[in-house]
Structures are given as structure tokens and as C-alpha cells.
Amino acid sequence: MKVLLIEDDREIVDAISLAFQIRWPEAEVVSTRLGQKGVELVESELPDIVILDLGLPDISGFEVLQQFRRFSDVPTIILTVRSDEVDIVKGLEWGADDYIVKPFRQLEFLARVRALIRRQSYPEQEVVASGPLRLETATGQLHYDGKEIALTTTESLILTHLIRNAGHVVTHSRLAEAVWGEDYPGSVDSLKVHIRRLREKIEPDPGNPKLILTRSGIGYFLAKQ
Ligand code: CA
């Protein structure tokens with residue numbers, strides 16, 4: 001199990017390395033403060049997961065992601081101080097699987113790393129469907145409206161859960177548990193961002209959704225097709 005950390009803040013590198021040492025000693029942490037070096041390490045070290053900061057001294061985290069996505073599907077979590085939704089959505093759009101906003105709690109961080117790796121290692125091989133939506137859960141490939149739409153691991157998990165419960169409201173905490181293994185403070189905001197991105201991929205008019213509907217303050221549901 002190898003973790004590649006692309007992060008220029010020494011304190012965060014130390015904190016994350018220490019967290020792994022204590023709670024997940026078999027994980028090897030490789031780190032660099034430079035984005036360009038990070039791209040090279042994705043290629044040479046073949047990490048199992050990448051933790052990527054957005055603000056780096058040489059090139060931005062977005063560029064790093066864009067460059068290594070040309071040759072690698074490695075699960076990637078963006079680690080950012082920017083709670084700005086626009087940045088997060090852009091990160092997901094460019095192929096990140098999840099994101100964590102700094103400052104983060106150590107346990108939450110490790111839980112989300114574990115959840116992403118578990119999902120990646122043991123994807124459930126099945127197809128879930130509702131009306132015209134057909135999702136291959138192992139690959140995140142969505143067939144809809146004659147199109148093939150690639151979903152990130154997180155989007156795929158959210159949609160799987162909504163499809164399985166089509167027509168019924170799925171609460172925020174149940175969705176968070178399905179995606180990250182546990183509910184945590186801030187999960188409602190994270191879900192909102194992933195849902196927004198999903199709508200942009202599948203709704204003809206994402207601002208006026210007809211498929212993935214919001215039950216304000218409670219959760220989301222997939223309109224019965
Ligand atoms: Ca930084």
C-alpha cells in the first residue's frame with residue numbers, strides 16, 4: 001500500500017505521515033512539494049492513492065491532475081484550503097475522486113482514504129438501473145440517453161444508492177455512510193458538490209433538475225422514471 005502525497009506545507013506532510021505511521025503502519029508514504037515531480041512519481045512509484053494539494057509552488061494541483069490523468073486512473077483525493085465550491089467542482093471535473101478541505105480531522109482523513117481504497121479494490125460487479133439510467137457500478141460507466149458518461153468513484157456510489165432507492169428520499173447521513181463509510185461533520189456540503197457535478201453530467205438543465213431531486217434539509221432522491 002503506497003500513498004503519494006503532493007503537498008508543499010511541511011506541517012501537513014508531517015501530520016499525514018505521522019497519522020499513517022500510527023494508524024496504518026503498513027502504508028508507505030512518498031511525498032513531494034512540487035507538482036511536476038508529483039506527476040513523475042505517479043508514473044515511477046505507481047501509488048495506490050494520491051493526496052493532492054491544489055496550491056503548489058510550481059504548477060497548480062489542477063495541472064498535476066490533468067497531466068497524470070493522461071496515463072493513470074489512480075484514486076485521487078484533493079486536499080485543499082479552498083472551500084470554494086468552484087475549485088472543488090473543477091477538481092472533480094478534472095478527474096479527482098474526492099476532496100477534503102483543510103483543516104481536517106486526522107480520523108476523518110484516514111477514514112476517507114480507506115473508503116476510497118476499499119471501493120477501488122473491491123468494486124461491486126453489478127449493474128443497477130432505473131428507467132433509462134443504467135450504471136455499471138464497478139467501472140462507473142453510466143449509460144443514459146444513448147450516451148456513455150464516465151462517473152468518478154464517488155459519483156458512482158452516490159448514484160448507485162439513489163438508483164437502488166429510486167422514488168424514495170435518501171437522507172444525507174445514509175448517503176454519507178454509503179459513500180465514506182461514516183457520516184461526518186461537513187458531509188452535507190460535500191454531497192452537495194458531488195450532486196451538483198452529477199447533475200451537470202446527466203441533467204439537460206442542471207439548474208432545474210428533473211432526475212436527481214433535492215428534499216431540502218433531508219436528502220436527495222431519484223425521480224421514479
Ligand atoms: Ca499548498
Side-chain angles (χ1 to χ4, degrees), residues 1-25 27-117 119-120 152-155 176 179-180 182 184-194 196-197 200:
M1 160 72 194
K2 195 182 276 183
V3 181
L4 172 59
L5 180 55
I6 307 174
E7 164 69 78
D8 61 326
D9 183 334
R10 195 65 236 175
E11 277 182 30
I12 291 184
V13 173
D14 289 346
I16 288 180
S17 303
L18 187 65
F20 275 106
Q21 253 173 46
I22 294 171
R23 301 187 184 273
W24 198 344
E28 179 193 348
V29 180
V30 178
S31 72
T32 175
R33 56 185 291 276
L34 294 176
Q36 202 59 61
K37 181 75 184 164
V39 176
E40 287 167 34
L41 288 173
V42 172
E43 196 167 18
S44 61
E45 296 284 330
L46 301 174
D48 299 288
I49 189 162
V50 174
I51 316 290
L52 175 63
D53 181 24
L54 287 183
L56 295 165
D58 55 345
I59 56 174
S60 81
F62 294 123
E63 284 172 75
V64 176
L65 183 60
Q66 193 186 35
Q67 287 189 30
F68 74 68
R69 272 292 175 254
R70 293 187 190 132
F71 59 85
S72 169
D73 293 328
V74 61
T76 300
I77 297 181
I78 285 181
L79 190 59
T80 177
V81 282
R82 312 180 197 186
S83 53
D84 185 354
E85 236 181 57
V86 176
D87 278 333
I88 294 165
V89 168
K90 187 170 159 193
L92 298 172
E93 202 165 309
W94 289 27
D97 296 283
D98 205 351
Y99 72 93
I100 296 176
V101 176
K102 300 181 222 177
F104 52 85
R105 292 178 310 138
Q106 199 187 76
L107 285 180
E108 178 201 331
F109 170 79
L110 287 176
R112 291 177 74 169
V113 169
R114 272 185 208 278
L116 185 56
I117 287 182
R119 273 144 45 185
Q120 208 70 25
T152 65
T153 312
T154 303
E155 289 162 359
V179 175
W180 296 293
E182 61 171 316
Y184 64 91
S187 66
V188 172
D189 291 335
S190 291
L191 286 169
K192 193 171 130 197
V193 173
H194 290 289
R196 174 170 149 194
R197 184 65 201 133
E200 280 168 7

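Both ligands and their constituent atoms are indexed starting at 1 by order of listing.
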Pairwise side-chain contact, Asp14 with Arg10, heavy-atom cut-off 4.5 Å (strictly under):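 Of all side-chain heavy-atom pairs linking Arg10 with Asp14, at least one is under 4.5 Å.
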Aromatic plane relationship, Trp180 with His194 - under 30° parallel, 30 to 60° tilted, over 60° perpendicular: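 Plane angle between 30° and 60°, so tilted.
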Within 6.0 Å of CG in Asp58, more than 12 heavy atoms from elsewhere: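 Yes, enclosed.
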Side-chain H-bond candidate by donor/acceptor type, Tyr184 with Arg105, under 3.5 Å: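 No, because no side-chain N or O of Tyr184 sits under 3.5 Å from a partner of the opposite role on Arg105.
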Polar protein atoms (N, O or S) that approach the Ca ion (ligand 1) to under 3.0 Å: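 Correct list: Asp8 OD1, Asp53 OD2, Gly55 O.
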Basic-acidic side-chain contact under 4.0 Å: Arg69, Asp97: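 The answer is yes: the pair qualifies as a salt bridge.
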SB check Lys90 Glu93 (cutoff 4.0 Å):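 Glu93 and Lys90: not salt-bridged.
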